[in-house]
Amino acid sequence: MSSTATTTYRNLIGGKWVDAQSGGTFTSSSPANHDEVIGEFPASGPADVDAAVAAAKAAFPAWSLMPAPKRGEILFRIGRLLAEHKEELATLMTREMGKVLTEARGDVQEAIDVAYYMAGEGRRMFGMTVPSEMPDKFAMAIRRPIGVVGLITPWNFPVAIPGWKLFPALICGNTVVMKPASDTPACVVRFAELLMEGGLPDGVLNVVTGSGTDVGHAIVEHPDVKVISFTGHTETGIDISTRAAKTLKRVSLELGGKNPIVVWEDADLPLALDSVVWSAYGTSGQRCTAASRLIVHRRIHDEFVEMLRKRVAALVLGDGLDPKTDVGPVINERAVERIAGYMEIGRAEADLVLGGNPARDGTLANGSFFEPTIFTEVKPDARIAQEEIFGPVTSIIPVESWEETVEIVNSVKYGLSTSLFTRDVNLAFRSIRDFDSGLGYVNHGTIGAEAHLPFGGTKATGNGHREVGQTALDFFSEWKSVYIDYSGKLQRAQIDMTFADQE
Ligand code: NAP
């Protein structure tokens, strides 16, 4: 077992909790208070990855042969256990990465939802049966497990995203080696402990902590890892994809976003306001689906900007465990510096309405906080309108025509989530058709995806795969087409008994 609270945690390899072979460690600390150490973790390397992959490979035959409904029963038990430990996991998450407790509970709930959903898939795991073109011949396609899967996860949804990847991978009969982000290893190690307690056989899940270069590269390049599922920055995704190509791995990439909310002139403004505040400043703007662009009709621009300024100015910054806090810290000091760098760029490109500085006063002094920030009169091609800042910052772009709006929505390199506030049903449907994104919302902010529909984006947000929902099964299983001829004679497809022959 890993030890508790702020002491030493270990890797999970073959059902045992072990140190890094090098003996090296690193610490994780709270972004709300840098003096609060969450724990010490193995600084692992390729040798630890080799051991984890070997354990996953050894566990694969028995796990892949276990009937999928039985695997589903284990996932169901795990879902129940996660629900029982929801508060504990959420509190750990808030301490380790800063999001406010209500949101941390939602993060754990996403993993619970996917556990239950995928448990049910164990009794479906639908294949296909089709009529054969020949008489007395049966034709079907079945799903098969692939093998050892490598999962590399980010810090911003430290339980939900591991759950999104892990549960479909497991229900399909694969075994797993997972590397958590180095900013949130405690969340993932504790999550893994609960999964083992829920009844996962030894070796089916292995967790190796350590850096992207030491552990991430080793997983991506390992010849016995057949599949990689990664969520993180677009640049990291490109690096992973390039390395994985050498061993012909299947790779799913969930990457960055620059998501717009369009507030049209006929919008319900109070509703749009609530949704913008939730989408732009929730998780301190560090969601892949964060609304970092607001495209606002010129006729209501001044009124809406003033409503937003007032509301955002009243948001309380602080420790996410404090119920009075609306916005927690950003993940670390590097993030504060990156966001501050964008403030200089933004001041030169646009009008600063609110915020724009690191927040260091009083109780915030020992954490990584940034003032919720609004820019307006932002040009669509400005850097703050094009690049993922990943902080509590939104850029308002005024517009006058629908054609211009569609062009601006689609002008960024990403395509994750888009949203439109309007009462015009025609525009609502046009937005769904014309906004280039994997998720589309009407009269709802850019966040709020559910476990049973595909999740992912277009363009530089990914490489075409979708997480969760049924589509996740397509990524984590191999199709095998099967033909059973019970005619007792040679029947040649495309040659004997074709329609043309009968003419
Ligand atoms: P990141 O820096 O790319 O890191 C993600 C994970 O990859 C971490 O575990 C990291 O390890 C590891 N890693 C880093 N470099 C690597 C390499 N060269 N090879 C293999 N692994 C490597 O991203 P992040 O800062 O954690 O997450 C924020 C990004 O994720 C944002 O761009 C956000 O939009 C995106 N995101 C996308 C989605 C989506 O579904 N589209 C969802 C959530 C987040 P270390 O922590 O040890 O560096």
Side-chain angles (χ1 to χ4, degrees), residues 26-28 31 41-46 49 96-97 99 107 110 150-165 177-188 207-222 225 228-244 249 251-259 283-292 330-332 334-335 338-339 387-391 412-417 437-439 446-447 449 454-469 471-472:
F26 67 99
T27 55
S28 157
F41 299 85
S44 314
V49 171
E96 191 173 42
M97 63 72 67
K99 68 172 74 171
D107 190 311
E110 283 192 52
L151 307 179
I152 301 179
T153 57
W155 48 264
N156 66 339
F157 282 87
V159 171
I161 290 178
W164 283 13
K165 295 182 185 305
V177 175
M178 179 152 67
K179 183 202 116 47
S182 297
D183 283 305
T184 51
C187 290
V188 174
V207 177
V208 183
T209 61
S211 75
T213 35
D214 293 336
V215 176
H217 287 184
I219 294 175
V220 170
E221 291 173 353
H222 202 293
V225 173
I228 295 288
S229 177
F230 167 78
T231 299
H233 284 291
T234 295
E235 290 68 28
T236 318
I238 291 168
D239 178 57
I240 286 177
S241 191
T242 310
R243 288 172 191 276
K249 287 181 178 45
V251 178
S252 167
L253 304 172
E254 295 293 339
L255 310 172
K258 191 71 186 175
N259 314 287
T283 314
S284 309
Q286 303 169 113
R287 298 178 181 127
C288 50
T289 51
S292 49
V330 295
I331 187 66
N332 53 34
R334 284 194 314 284
R338 191 193 60 246
I339 300 163
E387 298 173 21
E388 190 181 39
I389 299 174
F390 225 53
V412 294
K413 71 175 181 179
Y414 303 108
L416 184 52
S417 182
S437 60
L439 307 168
T446 46
I447 71 142
F455 182 96
T458 60
K459 302 191 278 183
T461 295
N463 61 347
H465 295 289
R466 290 292 182 269
E467 300 217 278
V468 293
T471 43

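In this chain, numbering begins with 1 at the start of the sequence shown. Counting starts at 1 for both ligands and their atoms, following the listed order.
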Is Arg287 salt-bridged to Glu110, cutoff N-O under 4.0 Å? no
One finds that the ligand 1 atoms under 4.0 Å from a non-hydrogen atom of Thr231 are 5 (C), 36 (N), 37 (C), 38 (C), 39 (C), 42 (C), 43 (C), 44 (C)
For Ala335, the side chain to side chain contact (heavy atoms under 4.5 Å, CB included) test, sequence neighbours excluded, returns Val330, Ile331, Asn332, Arg338
Here the pair of heavy atoms bringing Cys187 nearest to Glu96 is N-OE1, 2.9 Å
Atoms of ligand 1 under 4.0 Å from any heavy atom of Pro180, numbered from 1 in the order shown, are 9 (O)
All heavy atoms of Gly438 vs all of Arg466, minimum pair found to be CA-NH2, 3.9 Å
Hey, does Thr213 come in under 3.5 Å of ligand 1, counting only N/O atoms on both sides? no
Closest to atom 27 (O) of ligand 1 (heavy atoms only, candidates Pro154, Ala43, Ala181) is Pro154
Between Pro180 and Thr153, the two heavy atoms sitting closest are CA-OG1, 3.4 Å
For Ile161, the ligand 1 atoms with a heavy-atom partner under 4.0 Å come out as 42 (C), 43 (C)
for atom 35 (C) of ligand 1, nearest protein heavy atom and its distance come out as Gly232 O, 3.3 Å
Note: Lys99 and Asn156 closest approach over all heavy atoms is NZ-O, 2.9 Å
Of all protein heavy atoms, the one nearest atom 28 (C) of ligand 1 is Phe390 CE2, 3.6 Å
- Message: Side chain or backbone, does Lys179 bring an N or O within less than 3.5 Å of an N or O on ligand 1?
- Response: yes
key: Test: Lys165 cationic atom under 6.0 Å from Phe230 six-membered ring centre, within 45° of axis   = no
Counting heavy atoms under 4.0 Å, the part of Ile240 that contacts ligand 1 is side chain
In terms of heavy-atom contacts, Gly257 and Leu416 come closest through CA-CB, 4.5 Å
Ranked by distance from atom 26 (O) of ligand 1, the top protein heavy atom is Trp155 CD1, 3.1 Å
Looking only at protein heavy atoms, what sits closest to atom 44 (C) of ligand 1 is Asn156 ND2, 3.3 Å
Gly216 heavy atoms within 4.0 Å reach ligand 1 at atoms 20 (C), 21 (N)
| Hey, mind stepping through Lys413 and Glu387 against side-chain contact (heavy atoms from CB on, under 4.5 Å) and telling me if it holds? | CA-CA 9 Å; Lys413 71 175 181 179; Glu387 298 173 21; over 6 Å; no
Pair Ser437-Leu439, side-chain contact (heavy atoms from CB on, under 4.5 Å): steps then yes or no: CA-CA 6 Å; Ser437 60; Leu439 307 168; 5.5 Å; no
To atom 34 (O) of ligand 1, the nearest of Gln286, His217, Glu388 on a heavy-atom basis is Glu388
Candidates Gly237, Cys288, Ser182, Ala218; heavy atom nearest atom 36 (N) of ligand 1 found on Cys288
heavy-atom search around atom 1 (P) of ligand 1 in the protein gives His233 CD2, 3.5 Å
Would atom 4 (O) of ligand 1 count as contacted, meaning some protein heavy atom under 4.0 Å?
no
With Thr234 as partner, the option from Leu255, Leu253, Asp239 fulfilling side chain to side chain contact (heavy atoms under 4.5 Å, CB included) is Leu255
Ranked by distance from atom 14 (C) of ligand 1, the top protein heavy atom is Thr236 CG2, 3.5 Å
Restricting to heavy atoms, the pick from Asp214, Thr234, Leu255 nearest atom 37 (C) of ligand 1 would be Leu255
The protein heavy atom nearest to atom 48 (O) of ligand 1 is Gly212 N, 4.0 Å
Looking only at protein heavy atoms, what sits closest to atom 9 (O) of ligand 1 is Thr153 O, 2.8 Å
Per-atom filter on ligand 1: closer than 4.0 angstrom to a heavy atom of Gly210 are 47 (O)
Requested in this report: Take Glu388 and Lys258, measure what salt bridge (charged side-chain N to carboxylate O under 4.0 Å, His left out) needs, and give me the verdict at the end.
Outcome: CA-CA 6 Å; Glu388 190 181 39; Lys258 191 71 186 175; over 6 Å; no
Closest non-hydrogen atoms of Thr446 and Ala290, given as atom of the first, atom of the second and distance, are OG1-C, 3.9 Å
Could you check whether any heavy atom of Ser211 sits closer than 4.0 Å to an atom of ligand 1, since that is the contact criterion I want to use?
yes
Evaluate the criterion side-chain contact (heavy atoms from CB on, under 4.5 Å) for residue pair Ser229 and His465; output intermediate values, then yes/no.
CA-CA 10 Å; Ser229 177; His465 295 289; over 6 Å; no
Checking heavy atoms under 4.0 Å, the part of Phe455 that sits near ligand 1 is side chain
